[in-house]
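Quick notes on the structure that follows.
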Amino acid sequence: MKIAVVIKQVPDVEARIRAEDGKVSLDGVSFILDGMDEYGVEEALRLREGGLECDISVLALGPARVQDAIRTALAMGADEATHIVTDDQLDALAQAKVFADVVRMQGAELVLLGGKQADWDSAALGAALAEELGWPLSDWTTSLELEGRALTLRHDTDQGTERLEMPLPAVVTTQQGLNEPRYPTLPNIMKAKRKPVELLSLAELGSVSSLTRIADEAIETRDRRNEILSGDAATVAKELVDRLRNEARVLA
Amino acid sequence: MILIAAEHSDGKPTKGTLELVSVARQLGESRGQQVKAVVTGPGAEAAAGRLADWCDEVYWTASEALDGAGEPLVSALAQLAHEQDASLILMSCNRRGQAVAPRLAVRLKGALLEDVTAIETAGDGLRARRFTYLARVTETVETDADFAVISVKPGAVDPAPESGSAGTVTPVIAELAETDERVTRSDAQVAAGGKVALGEADIVVAGGRGVGSAEGFASLVEPLAAAMGAGVGATRAVVDAGWRPFAEQVGQTGATVSPKLYVAVGISGAVQHLSGMNRSRVIVAINRDSDAPIFRICDYGVVGDASQIVPELIKVLQEG
């Protein structure tokens with residue numbers, strides 16, 4: 001069977017983000033494979049190492065630079081990749097349409113992807129993709145077992161956690177706690193360079209457009225008081241509580 | 001018509017739902033539209049009665065199948081939105097909203113405005129604000145779509161005041177088709193620990209490695225949170241060390257919170273953590289290391305040992 005892992009390339013978490021003229025500037029920013037997506041790559045590899053016969057296909061959408069994130073996923077051990085090349089910023093619902101087409105084309109039966117993307121802080125792609133495909137969804141998954149074609153998972157809810165059982169095909173979003181993603185080894189980084197990456201243009205997949213548009217992006221920092229209180233523990237405690245009650249008025 | 005996909009706890013609308021009421025009423029006024037709500041699951045009837053204070057009409061059903069965030073709820077909401085000609089559906093962007101809102105938007109061929117902190121009408125369309133790039137950027141996003149699903153970031157707007165003015169409306173039982181689901185849900189476990197849900201808390205007290213150990217966390221952070229009526233948060237390092245459950249993690253891979261007050265105990269302030277809390281109104285930092293990055297974004301800082309300062313704080317708070 002085929003497992004599709006949808007990945008995203010995002011700015012390094014330590015990168016300095018700037019905004020100019022109402023738009024985020026990513027010049028000079030270093031990019032990484034989204035940490036949330038590494039759990040999906042790792043889980044696919046573990047399924048294979050657990051005896052599942054499968055091809056692991058990485059899917060990514062974005063400009064040419066996204067190749068670097070694809071190579072990272074291949075260096076972790078994925079077999080092949082499809083890069084939908086576009087400079088357009090598609091919203092999560094438009095992306096879901098594109099990925100759904102590719103997943104169907106490739107005949108994948110399990111889709112893994114990160115629970116939330118670190119660029120647009122969006123958690124919508126997994127659910128939208130499940131809906132486009134008409135497949136069940138396990139979101140915020142912390143454990144996954146596959147017996148034949150039956151998935152047993154545990155995932156987070158607003159109240160805590162619950163167990164889900166569902167048949168393939170299915171969409172599973174991943175997060176911290178599911179596994180410990182491996183680091184690519186040097187030999188695997190070399191091997192990854194020879195793995196096939198299929199390039200698709202967005203136009204080849206039919207027209208897709210977003211129903212939303214980004215009108216403005218700005219860096220907003222709140223002015224902070226930045227006051228360091230000093231004195232012995234008892235004095236500082238009294239002063240802090242007093243300030244929170246009577247100056248900031250955030251404490252009853 | 002604007003439809004609120006309400007949530008309740010023991011028959012009372014949640015704080016998040018009252019936040020949706022504020023947003024819906026403001027949008028309803030500017031768009032000249034009625035505000036309705038749908039509330040589902042056991043206890044829905046009582047919650048519907050309360051919601052009728054603010055809404056023109058409230059639909060409810062006690063069906064247990066609609067208690068989760070799965071296909072039955074998506075399909076019931078889609079059916080109701082279609083039959084009642086809704087142009088907007090509002091949900092809280094909690095786990096339920098994250099699972100359901102995108103699916104509803106896709107199914108009803110509308111736009112999704114996700115995790116918004118503010119929203120207003122703009123011409124015939126909508127303009128919303130939300131955070132991106134690990135909450136370091138504020139984005140303005142617009143849509144002209146005829147139909148949209150809006151998920152609202154919990155805690156971002158003030159909940160509707162206690163008494164409504166829309167008058168009482170008799171709740172009606174929506175006749176919703178029962179749908180089959182391929183998914184079996186079982187063994188629900190309620191997260192232990194904080195009595196106050198992290199996403200809904202007005203005050204969050206969070207602990208990092210600086211509290212020293214799981215015992216240190218339990219003896220410092222938990223009682224301080226209790227004394228403040230606060231939710232409990234933790235850093236990734238603390239969760240990775242197994243001191244606290246993942247449900248309490250604040251940051252890039254955990255929850256994003258923006259409470260009135262965030263108290264960081266023994267937290268140095270890695271970017272990944274800051275992205276989950278840097279929108280808090282007031283930030284207090286207590287840390288031994290005066291060079292810790294957390295002090296750069298705090299309103300009030302205390303350089304010192306949490307094990308000495310926190311007990312004193314609790315004492316002052318308990319004195320009233």
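Naming: A, B, ... by sequence-line order, numbering from 1 per chain. Treat the numbers as computed from the prediction; the structure is a model and nothing was measured.
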Find the distance between [atom1] ([X]) and [atom2] ([Y]) and round it off to the nearest 0.5 Å.
X         : Y         : atom1 : atom2 : result
Arg103(B) : Leu129(A) : CZ    : CG    : 11.5 Å
Lys238(A) : Leu317(B) : NZ    : CG    : 12.0 Å
Thr138(B) : Asp216(A) : OG1   : CG    : 9.0 Å
Leu112(B) : Ser122(A) : CG    : OG    : 7.0 Å
Phe147(B) : Leu211(A) : CZ    : CG    : 11.5 Å
Glu217(A) : Thr140(B) : CD    : OG1   : 9.0 Å

Looking at [options], which has the largest count of heavy-atom pairs under 4.5 Å with chain B?
options                         : result
Val236(A), Leu164(A), Ile219(A) : Leu164(A)
Gly231(A), Ala128(A), Ala218(A) : Ala218(A)
Asp223(A), Thr157(A), Thr152(A) : Thr157(A)

Could you please spell out the steps behind the side chain to side chain contact (heavy atoms under 4.5 Å, CB included) verdict for Ser186(B) and Glu162(A)? CA-CA 6 Å; Ser186(B) 60; Glu162(A) 69 183 358; over 6 Å; no
Side chain / backbone / both / neither for Pro11(A) at chain B, heavy atoms under 4.5 Å: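 Answer is side chain: those atoms of Pro11(A) sit under 4.5 Å from chain B.
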Of the backbone (N, CA, C, O) and the side chain (C-beta and beyond), which part of Asp119(A) lies under 4.5 Å from a heavy atom of chain B, both, or neither?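 It is both, since atoms from each part get that close.
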Within 6.0 angstrom of [X] [atom1], more than 12 heavy atoms from elsewhere:
X         : atom1 : value
Asp146(B) : CG    : no
Arg16(A)  : CZ    : no
Glu145(A) : CD    : no
Asp21(A)  : CG    : no

Verify, without hydrogens or angle tests, whether [X] (side chain) and [Y] (backbone) share a donor-acceptor contact under 3.5 angstrom.
X         : Y         : answer
Arg182(B) : Met166(A) : no
Asp299(B) : Arg225(A) : yes
Thr212(A) : Thr143(B) : no
Glu132(A) : Val106(B) : no

Contact part of [X] toward chain A, heavy-atom cut-off under 4.5 Å: side chain, backbone, both or neither?
X         : answer
Gln249(B) : side chain
Lys109(B) : backbone
Ile283(B) : both
Ala270(B) : neither
Arg129(B) : side chain

Output, in order, the C-alpha distance, side-chain angles, deciding distance and verdict of salt bridge (charged side-chain N to carboxylate O under 4.0 Å, His left out) for Asp144(B) and Arg213(A). CA-CA 9 Å; Asp144(B) 298 321; Arg213(A) 62 180 172 275; 3.2 Å; yes
Between Arg163(A) and Arg185(B), is the side chain to side chain contact (heavy atoms under 4.5 Å, CB included) condition met? List the steps. CA-CA 6 Å; Arg163(A) 181 165 65 221; Arg185(B) 292 165 193 273; over 6 Å; no
Judged by modelled atom types alone, do Gln176(A) and Asp240(B) share a side-chain donor-acceptor pair under 3.5 Å?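 Yes, because at least one side-chain N or O of Gln176(A) sits under 3.5 Å from a partner of the opposite role on Asp240(B).
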Indicate whether any N or O donor in one side chain lies under 3.5 Å from an N or O acceptor in the other, for Trp140(A) and Gln98(B).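 Yes, a side-chain donor-acceptor pair sits under 3.5 Å.
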State, with a plain yes or no, whether a side-chain heavy atom of Arg136(B) is found less than 4.5 Å away from one of Arg18(A).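 They are not in contact (no side-chain heavy atoms under 4.5 Å apart), so the answer is no.
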Heavy-atom distance under 4.5 Å between the side chains of Val13(A) and Tyr133(B), does that happen here?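 No, every pair of side-chain atoms sits at 4.5 Å or beyond.
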What's the verdict on salt bridge (charged side-chain N to carboxylate O under 4.0 Å, His left out) for Arg95(B) and Asp156(A), showing C-alpha distance, side-chain angles and the deciding distance? CA-CA 8 Å; Arg95(B) 300 266 192 237; Asp156(A) 286 353; 3.8 Å; yes
NZ/NE/NH1/NH2 to OD/OE distance under 4.0 Å, Asp121(A) and Arg130(B):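 No, no charged N to carboxylate O under 4.0 Å.
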The test is salt bridge (charged side-chain N to carboxylate O under 4.0 Å, His left out); show your working for Arg96(B) and Asp158(A) and say whether it passes. CA-CA 7 Å; Arg96(B) 173 184 186 256; Asp158(A) 287 312; over 6 Å; no
For a side chain to side chain contact (heavy atoms under 4.5 Å, CB included) check, start with the C-alpha distance between Gln189(B) and Arg154(A), then their side-chain angles and the critical distance, and finish with the verdict. CA-CA 10 Å; Gln189(B) 291 182 11; Arg154(A) 183 159 282 279; 3.9 Å; yes
Candidate pair Trp120(A) and Val141(B), rule side chain to side chain contact (heavy atoms under 4.5 Å, CB included), full reasoning: CA-CA 11 Å; Trp120(A) 291 327; Val141(B) 57; over 6 Å; no
Strictly less than 4.5 Å between heavy atoms, which residues of residues 86-95 of chain A line up against chain B? Please order them by number.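 Within residues 86-95 of chain A, the residues under 4.5 Å from chain B are Leu93(A).
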Closest non-hydrogen atom pair between Ala99(B) and Ala127(A), with its separation: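 So the two residues come closest at O-CB, 3.5 Å.
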Can you list, pair by pair, the side-chain donor-acceptor contacts under 3.5 Å of residues 240-252 of chain A, counting residues two or more places apart and other chains?
from, atom 1, to, atom 2, distance (Å)
Asp242(A), OD1, Asn246(A), ND2, 2.6
Arg243(A), NE, Glu239(A), OE2, 3.2
Arg243(A), NH1, Glu227(A), OE1, 2.7
Arg243(A), NH1, Glu227(A), OE2, 3.2
Arg243(A), NH1, Glu247(A), OE1, 3.1
Arg243(A), NH2, Glu227(A), OE1, 2.9
Arg243(A), NH2, Glu239(A), OE2, 3.0
Arg245(A), NE, Ala252(A), O, 3.0
Arg245(A), NH1, Gly320(B), O, 3.3
Asn246(A), ND2, Asp242(A), O, 3.4
Glu247(A), OE1, Tyr300(B), OH, 2.4

